[in-house]
Amino acid sequence: MKKRRTSPILTQIISLFICILLVHVVWASVIRPNARVVLEERKVLAEQDQDFTAERSIWVTLKDWEQESCVILMFWALALMGGKVLQARRERRILSQDLVKIPEGVSVLPEDAREYMRTVQSLPESTREQLLPRAVMIALQRFESTHAVQNASEAVRNLCDGEADRLDSELAMIRYITWAIPSIGFIGTVRGIGEALGKAYEAVQGNIVGVTESLGVAFNSTFVALVISIMIMFFVQQLQRYQEEIVIDTESWCDENLLRHLQVR
């Protein structure tokens with residue numbers, strides 16, 4: 001019986017739900033309670049000393065829902081990229097195997113192609129669906145049907161180009177997350193500045209605590225969002241480079257271990 005695969009969309013939703021749950025638990029049990037303690041201490045010290053200068057606190061920096069949302073999206077993006085890295089490593093691992101086992105100096109004729117195809121067809125289904133076995137199969141099939149090495153080479157090249165496009169399109173969600181993180185940070189900036197303007201009358205009366213707290217929300221949300229966005233973009237670029245290298249290495253493997261052995265009488 002054929003195994004049913006989990007839908008990619010369902011997998012993404014499940015991973016998002018897990019990230020929301022775990023991060024919210026940390027924020028509700030650790031971040032926000034500690035932030036309240038720090039703010040209360042600051043309030044007491046400010047009342048006692050007018051020249052009091054508050055030191056930056058990681059708890060206060062992270063306490064608002066914008067920062068929590070950015071961290072949720074960060075872990076979601078890392079989870080999605082982690083799955084793609086594991087898949088890419090499986091693709092990389094099979095490149096080190098002698099998949100078709102053609103001895104050096106042996107030529108493969110069109111009538112011999114089916115014999116080598118059976119070697120690939122005997123692999124487990126999960127392995128056959130990887131890029132290299134698919135490239136070997138399509139090259140042998142095209143060579144058997146057309147009796148032309150050039151057609152087999154073009155088939156491998158077209159498959160690798162299509163795989164590169166597919167991998168790039170699958171990064172669309174991660175790129176969207178990378179765009180959404182600073183956008184949420186800017187929402188926090190607008191919210192904080194709006195609250196500060198709403199409390200401007202308090203500053204006129206000499207109480208600037210409310211204004212400074214609101215401005216803190218604005219700057220902290222932007223700071224956290226930009227730092228996370230820079231980090232996620234770095235990992236996205238590394239993942240994309242890794243995937244492109246695997247596609248290029250797959251095409252090179254086919255040239256060195258299969259296509260150069262093909263020969264027509």
Side-chain angles (χ1 to χ4, degrees), residues 1-12 79-175 235-265:
M1 247 180 117
K2 203 173 183 179
K3 284 179 79 175
R4 291 187 179 177
R5 290 190 164 192
T6 306
S7 169
I9 297 178
L10 181 60
T11 303
Q12 292 176 2
L80 297 179
M81 285 189 285
K84 295 186 181 302
V85 168
L86 292 177
Q87 181 180 353
R89 290 192 65 177
R90 287 194 293 268
E91 298 277 2
R92 170 69 69 185
R93 196 177 301 119
I94 200 172
L95 287 171
S96 61
Q97 300 179 12
D98 189 6
L99 199 61
V100 288
K101 299 178 182 178
I102 302 175
E104 188 64 34
V106 174
S107 298
V108 178
L109 303 175
E111 53 267 26
D112 301 327
R114 189 164 297 276
E115 177 184 350
Y116 291 99
M117 279 191 279
R118 292 193 188 98
T119 303
V120 180
Q121 291 170 344
S122 65
L123 296 171
E125 182 183 357
S126 59
T127 304
R128 291 200 309 270
E129 292 177 352
Q130 294 182 19
L131 177 59
L132 180 58
R134 287 189 288 126
V136 171
M137 281 295 296
I138 197 171
L140 292 172
Q141 288 171 353
R142 190 66 58 86
F143 181 61
E144 182 188 30
S145 60
T146 64
H147 290 217
V149 179
Q150 182 180 358
N151 291 339
S153 177
E154 289 178 355
V156 172
R157 187 178 302 109
N158 292 336
L159 177 66
C160 291
D161 290 343
E163 182 71 9
D165 293 338
R166 184 186 69 81
L167 292 172
D168 185 69
S169 66
E170 287 183 353
L171 294 176
M173 176 58 73
I174 300 175
R175 293 194 182 101
F235 288 120
V236 170
Q237 295 300 324
Q238 294 301 311
L239 173 61
Q240 186 174 11
R241 181 184 61 82
Y242 188 48
Q243 291 178 331
E244 289 174 352
E245 286 178 354
I246 291 174
V247 174
I248 294 172
D249 290 345
T250 299
E251 190 171 354
S252 299
W253 190 100
C254 291
D255 286 336
E256 295 173 4
N257 297 279
L258 176 62
L259 296 176
R260 71 184 182 91
H261 292 284
L262 303 183
Q263 185 177 354
V264 180
R265 288 180 181 174

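Computed from a prediction, not measured in an experiment: that's the story for all the values here. Heavy atoms only: backbone and side chains are in, while hydrogens, waters and symmetry mates are out.
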Which residue, Asn257, Leu131, Leu132, forms the side chain to side chain contact (heavy atoms under 4.5 Å, CB included) with Leu95? Leu132
Does this structure show an ion pair linking Glu154 with Arg157, if we count only N-O contacts that are shorter than 4.0 Å? no
Examine distances only and state if a side-chain atom of Arg260 and a backbone atom of Asp255 form a donor-acceptor pair shorter than 3.5 Å. no
Can you tell me how far the CD atom of Glu163 sits from the CD atom of Glu251, to the nearest 0.5 Å? 12.0 Å
Rounded at 0.5 Å granularity, tell me how far CG in Asp249 sits from CD in Glu91. 11.5 Å
Closest non-hydrogen atoms of Ala152 and Ala139, given as atom of the first, atom of the second and distance, are CB-O, 3.5 Å
Closest heavy-atom pair and its distance - Gln238, Arg241: OE1-NH2, 3.0 Å
Do Ile174 and Phe235 make a side-chain contact, defined as non-hydrogen atoms from C-beta onward lying under 4.5 Å apart? no
For residues Ala113 and Glu144, report the shortest heavy-atom separation together with the two atoms involved. CB-CB, 4.0 Å
Report yes or no: do Gln121 and Arg118 form a side-chain donor-acceptor pair below 3.5 Å? no
If you round to the nearest 0.5 Å, how far is OG1 of Thr119 from CE of Met137? 10.0 Å
Could you tell me which non-hydrogen atom of Val264 sits nearest to which non-hydrogen atom of Phe143, and how far apart they are? CG2-CE1, 3.8 Å
Is there a donor-acceptor contact under 3.5 Å from the side chain of Ser153 to the main chain of Val149? no
With side chains defined as the heavy atoms from C-beta onward, is the minimum distance between Leu258 and Leu140 less than 4.5 Å? yes
Return yes if some donor-acceptor pair links the side-chain N/O of Asp112 with the main-chain N/O of Val108 below 3.5 Å, else return no. no
Going by the side chain to side chain contact (heavy atoms under 4.5 Å, CB included) test, name the single residue among Gln240, Lys84, Gln243, Glu244 that passes it with Leu167. Gln243
What's the shortest heavy-atom distance between Pro103 and His261, and which atoms? O-CE1, 3.7 Å
Kindly indicate whether the side chain of Val156, heavy atoms from C-beta on, has any atom under 4.5 Å from the side chain of Arg142. no
Might you point out which heavy atoms bring Thr250 and Ala135 nearest each other, and give the distance in Å? CG2-CB, 4.4 Å
For Arg89 and Val85, indicate whether the former's side chain and the latter's backbone hold a donor-acceptor pair under 3.5 Å. no
